[in-house]
A.B. asks: 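Please see the structure below; I have some questions.
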Amino acid sequence: MAQTTEWRADTLAKIRSLIEEADPEVVEEMKWKKASNPDGVPVWSHDGPICTGETYKSSVKLTFFKGAQLEDPKALFNSSLDGKARRAIDLHEGDDIDEDAFKALVREAVALNRG
């Protein structure tokens, strides 16, 4: 179990770094704290919410609030594809993410927030 926890923490740390590289002015807050998740969920925003990073038993889920409005030429979104607003990226142990494409999604979400 500790090994599983470690990969999720490492994945979330990598995502955090990519988001900060994409937008150095991004704000990260921990929200939705509860007994089953005392640390809460990281939520990144800049002129409005960008995405969340939730850890589950077998995945790290990155949910973009306005994902349905974003271009995704590298097809990073692989979850919540039927939603009218949100889109998500589920990462599992051993998965890699196209870092440039991910940072482009973050920058596009910020641009969308700015209107």
A.B. asks: Would Val41 and Met30 count as a side chain to side chain contact (heavy atoms under 4.5 Å, CB included) here? Give the steps.
C.D. replies: CA-CA 5 Å; Val41 174; Met30 298 303 283; 6.0 Å; no

A.B. asks: Do you know which two heavy atoms are closest between Ser45 and Glu29, and how far apart they sit?
C.D. replies: OG-OE1, 4.3 Å

A.B. asks: Contact between Pro42 and Arg16 at the side-chain level, heavy atoms closer than 4.5 Å - yes or no?
C.D. replies: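 When only atoms from C-beta onward are counted, Arg16 and Pro42 do touch, with a gap below 4.5 Å.
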
A.B. asks: Could you check whether any side-chain N or O of Arg87 sits under 3.5 Å from a backbone N or O of Gly83, counting only pairs where one atom can act as donor and the other as acceptor?
C.D. replies: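 It does hold such a pair.
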
A.B. asks: Closer than 3.5 angstrom, by distance alone: can the side chain of Asn113 be matched with the main-chain N or O of Pro49 as a donor-acceptor pair?
C.D. replies: yes

A.B. asks: So if you build clusters from Ile, Leu, Val, Met, Phe, Trp, Tyr with side-chain heavy-atom gaps below 4.5 Å, do Phe102 and Val60 land together?
C.D. replies: yes

A.B. asks: What residues, two or more places apart in sequence or in another chain, satisfy side-chain contact (heavy atoms from CB on, under 4.5 Å) together with Asp100?
C.D. replies: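 Partners of Asp100 by the side-chain contact (heavy atoms from CB on, under 4.5 Å) criterion, ordered by chain and then number, come out as Asp98, Lys103.
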
A.B. asks: Quick one: closest heavy-atom pair of Leu70 and Glu108, and the distance?
C.D. replies: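 Where Leu70 meets Glu108 most closely, the heavy atoms are CA-OE2, 3.4 Å.
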
A.B. asks: Answer yes or no: is there an ion pair linking Glu99 with Lys14, defined by an N-O contact shorter than 4.0 Å?
C.D. replies: yes

A.B. asks: Would one find more than 12 heavy atoms of other residues, nucleotides or ligands at under 6.0 Å from atom CZ of Arg86?
C.D. replies: no

A.B. asks: Whether the side chain of Thr11 engages the backbone of Trp7 through a donor-acceptor N/O pair (distance < 3.5 Å, no angle test) should be reported.
C.D. replies: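 Looks like yes, one N/O pair under 3.5 Å.
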
A.B. asks: Hey, could you give me each pair passing ring pair (Phe, Tyr, Trp, His ring centres under 6.0 Å) that has a residue in residues 8-35? Not counting sequence neighbours.
C.D. replies: none

A.B. asks: Which value, rounded to the nearest 0.5 Å, describes the distance between Leu12 atom CG and Ser17 atom OG?
C.D. replies: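 Nearest 0.5 Å value for the CG-OG distance: 11.5 Å.
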
A.B. asks: Could you tell me whether the side chain of Asp23 and the main chain of Arg107 form a donor-acceptor pair under 3.5 Å?
C.D. replies: no

A.B. asks: Any ring pair (Phe, Tyr, Trp, His ring centres under 6.0 Å) pairs touching residues 69-101, not counting sequence neighbours?
C.D. replies: Phe64-Phe77

A.B. asks: Determine, stepwise, if the pair Trp44 / His46 fulfils side chain to side chain contact (heavy atoms under 4.5 Å, CB included).
C.D. replies: CA-CA 7 Å; Trp44 291 277; His46 186 160; over 6 Å; no

A.B. asks: Evaluate Leu91 against Asp96 for side chain to side chain contact (heavy atoms under 4.5 Å, CB included), listing each step before the verdict.
C.D. replies: CA-CA 8 Å; Leu91 297 171; Asp96 288 321; over 6 Å; no

A.B. asks: Go through it in stages, so that I can follow the logic: the residues are Leu105 and Leu76, the test is side chain to side chain contact (heavy atoms under 4.5 Å, CB included), and I'd like the CA-CA distance, side-chain angles, deciding distance and then a yes or no.
C.D. replies: CA-CA 9 Å; Leu105 278 178; Leu76 296 182; 3.7 Å; yes

A.B. asks: Look up atom OG in Ser80 and atom CG in Asp90, then write down how far apart they are to the nearest 0.5 Å.
C.D. replies: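 Rounded to the nearest 0.5 Å, the OG-CG separation comes to 7.0 Å.
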
A.B. asks: Mind checking whether Ile50 and Ile97 sit in one hydrophobic cluster, side chains of I, L, V, M, F, W, Y counted as touching below 4.5 Å?
C.D. replies: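 Same cluster.
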
A.B. asks: Looking at CD1 of Ile89 and CD1 of Ile15, how far apart are the two atoms once the value is rounded to the nearest 0.5 Å?
C.D. replies: 7.0 Å

A.B. asks: Measure the shortest side-chain to side-chain distance between Cys51 and Ile19 over non-hydrogen atoms and say whether it is less than 4.5 angstrom.
C.D. replies: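 In contact.
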
